[in-house]
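What follows is a single structure, written as structure tokens, with notes after it.
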Amino acid sequence: MGIARDWRLRSQRYALVGEICDDCGRKIFPPRDVCPYCAEEAQTPFHFSGRGEIYSHTTIYNPPAGFEEFAPYTVALVKLEEGPLVTAQLTDVDPQEIAIGQPVEMVTRKIREEGPEGLIVYGYKFRPRLQAA
Amino acid sequence: MGDEGHRARVQDTQHVTRNTQYGIMKPSTDVGIVGYGAYIPRYRLPATEVARVWKGGEGGLPVTEKAVPGLDEDTLTIALEAARNALARAQIDPQLIGAVWVGSESHPYAVKPTSTIVAEAIGATPHTEAADWQFACKAGTETMQASIGFVASGMARYALGIGADTAQGRPGDALEYTAAAGGAAYLIGPAEESLVLFEASFSYVTDTPDFWRRPYMHYPSHGQRFTGEPAYFHHVTSAARHLMAEMDRTAADFTYVVLHQPNAKFPQRAAKMLGFEREQWTTGLLCPVIGNTYAGAAMLGLTAILDEARPGDTILAVSFGSGAGSDAFALRVTERITERQHRAPKTQDYIARRKEIDYATYVRYRKKLQMQ
Ligand SMILES: [Zn+2]
């Protein structure tokens with residue numbers, strides 16, 4: 001993970017920008033060189049709504065280096081409204097409140113800090129969906 | 001020069017702008033707010049927790065509780081969610097936003113703008129102006145004053161003005177009860193697309209040593225004898241009085257009033273001094289339940305009002321920043337408000353999303369523990 005890689009991935013990380021396949025019309029996240037469904041090459045950027053539901057989840061008590069300050073935290077497989085499954089951290093939720101099928105929405109949060117002098121890396125996480133009244 | 005001499009000179013030069021008397025600001029093209037958005041973090045620290053740890057549970061409490069950011073939140077994440085809510089209400093092409101401005105005293109970096117990250121995440125880059133603004137708690141409304149000029153002059157179709165903070169008080173200090181986190185965003189644009197119109201605005205500043213923070217210092221300092229009368233009350237009431245006098249209005253001409261709110265008492269006393277009644281200020285008075293959100297404070301009070309406002313309502317909004325100064329705005333709600341209020345979460349939805357934490361969790365979340 002370098003500065004260049006974080007920078008290249010910024011629109012996918014900040015705003016859940018993936019692709020829509022020009023050939024089969026399926027929505028793809030994360031964006032990649034060829035469509036995973038029909039193996040066609042050319043795709044168009046697609047802005048996902050950020051809405052989805054929890055497909056599965058696990059709570060991490062012994063985090064990898066760089067994530068210690070957030071433990072315990074929950075990582076979930078989120079099924080986006082548009083189809084793809086995305087792995088992401090959940091936020092603004094206590095582990096005991098999480099359930100399969102729970103509606104969630106994308107927010108942009110701090111993923112980690114490269115030490116006190118390095119960059120702050122921001123990216124997508126999901127939280128229980130906040131309903132507009 | 002006396003008032004009469006000043007008036008005579010102003011009349012001589014009235015061709016310059018529509019209204020320059022005493023600095024009242026009214027752009028030559030009408031502009032307004034096309035979309036607005038709020039954000040308040042989920043965690044709440046009751047003031048009784050601060051009193052329990054530092055005062056043996058004794059003493060008066062300036063607020064009931066304050067909003068505390070989670071471990072993965074900072075001024076950027078707060079500014080960004082508020083901006084997304086403003087865009088959800090406006091439903092415009094983000095590529096038409098000609099300026100993204102974030103006012104705060106708690107930008108995540110000392111050098112590296114918050115505003116470019118917001119601009120990138122909302123899809124406004126690269127053909128846009130972006131900058132971070134600073135003026136203690138007035139940093140947010142400064143971006144609104146500048147946005148009015150930027151849009152009215154035709155330099156941009158839309159400008160995004162944001163105020164957001166994750167304020168920190170020294171442990172045990174009076175400010176620790178109130179220093180909170182939150183923010184609000186306003187997309188300024190043409191009058192014919194606006195849900196609220198700017199009727200006029202006014203700014204009032206002096207050099208006052210009431211509150212400051214030097215570089216590399218974690219916590220602010222305050223000049224005790226300057227905090228109340230010569231700072232907050234003088235600037236807020238002067239800005240409000242000048243604006244109302246020049247517009248030939250009194251408190252009774254406004255449906256709502258919202259003032260900067262460093263605690264529960266100051267804004268209520270200042271509003272009373274200006275002739276307002278309780279029912280005009282309760283909707284916008286959030287400090288008792290979320291604390292002082294600094295650059296977000298007056299702007300979040302205004303989002304709470306806009307969530308409830310009806311076409312034709314009038315609003316007086318006045319910020320305050322230490323150092324010191326106030327921006328005052330006279331606003332009139334249009335018929336477009338009704339269709340846009342429900343397009344994003346309301347301010348009260350964020351207030352209702354509440355998880356109480358104790359002082360130990362607060363210390364961890366605010367990173368007051370030495371880990372290395
Ligand atoms: Zn395909």
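Per chain, numbering begins at 1; letters A, B, ... match sequence-line order.
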Are the ring centres of B:Y359 and B:Y362 closer than 6.0 Å? yes
Among residues 71-80 of chain B, which ones touch chain A with a heavy-atom distance under 4.5 Å? B:L71, B:D72, B:E73, B:D74, B:L76, B:T77, B:L80
Part of A:S11 lying under 4.5 Å from any heavy atom of chain B: neither
For A:Y55, look at atom OH and say whether over 12 heavy atoms of other residues, nucleotides or ligands are found less than 6.0 Å away. no
Any idea which of B:A121, B:G70, B:P41 has the most non-hydrogen atom pairs under 4.5 angstrom with chain A? B:A121
Cut-off 4.5 Å, heavy atoms of chain A, and the answer for B:Y365 is neither
Highest number of heavy-atom pairs under 4.5 Å with chain A among B:K355, B:R84, B:K112 belongs to B:R84
Going by the rule salt bridge (charged side-chain N to carboxylate O under 4.0 Å, His left out), which residues pair with B:R157 if we only count those two or more places apart in sequence or in a different chain? B:E193
Carboxylate-amine/guanidinium contact A:E81 A:K27, below 4.0 Å: no
Does anything in residues 5-35 of chain A form a ring-ring contact (aromatic ring centres under 6.0 Å, His included)? List the pairs, not counting sequence neighbours. A:F29-A:F48, A:F29-A:Y124
Given a strict heavy-atom distance threshold of 4.5 Å, which part of A:Y122 is in contact with chain B: side chain, backbone, both, or neither? side chain
Relative to chain B, which segment of A:E113 carries a heavy atom at a distance below 4.5 Å: side chain, backbone, both, or neither? side chain
B:H127 NE2: over 12 foreign heavy atoms closer than 6.0 Å: no
Counting only heavy atoms from other residues, nucleotides and ligands, does the tally under 6.0 Å from CD of A:Q96 exceed 12? yes
If you tally heavy-atom pairs under 4.5 Å between each of A:V17, A:T91, A:I111 and chain B, the highest tally belongs to A:T91
B:E339 with B:R336: basic N within carboxylate O range, under 4.0 Å: no
Of the listed B:D307, B:N85, B:I122, B:I117, the one with the largest count of heavy-atom pairs under 4.5 Å with chain A is B:I117
Residues which pass side-chain contact (heavy atoms from CB on, under 4.5 Å) with A:E97, listed by chain and number, not counting sequence neighbours: A:V93, A:D94, B:R42
Can you confirm whether more than 12 heavy atoms, excluding those of B:R364, are under 6.0 Å from its CZ atom? yes
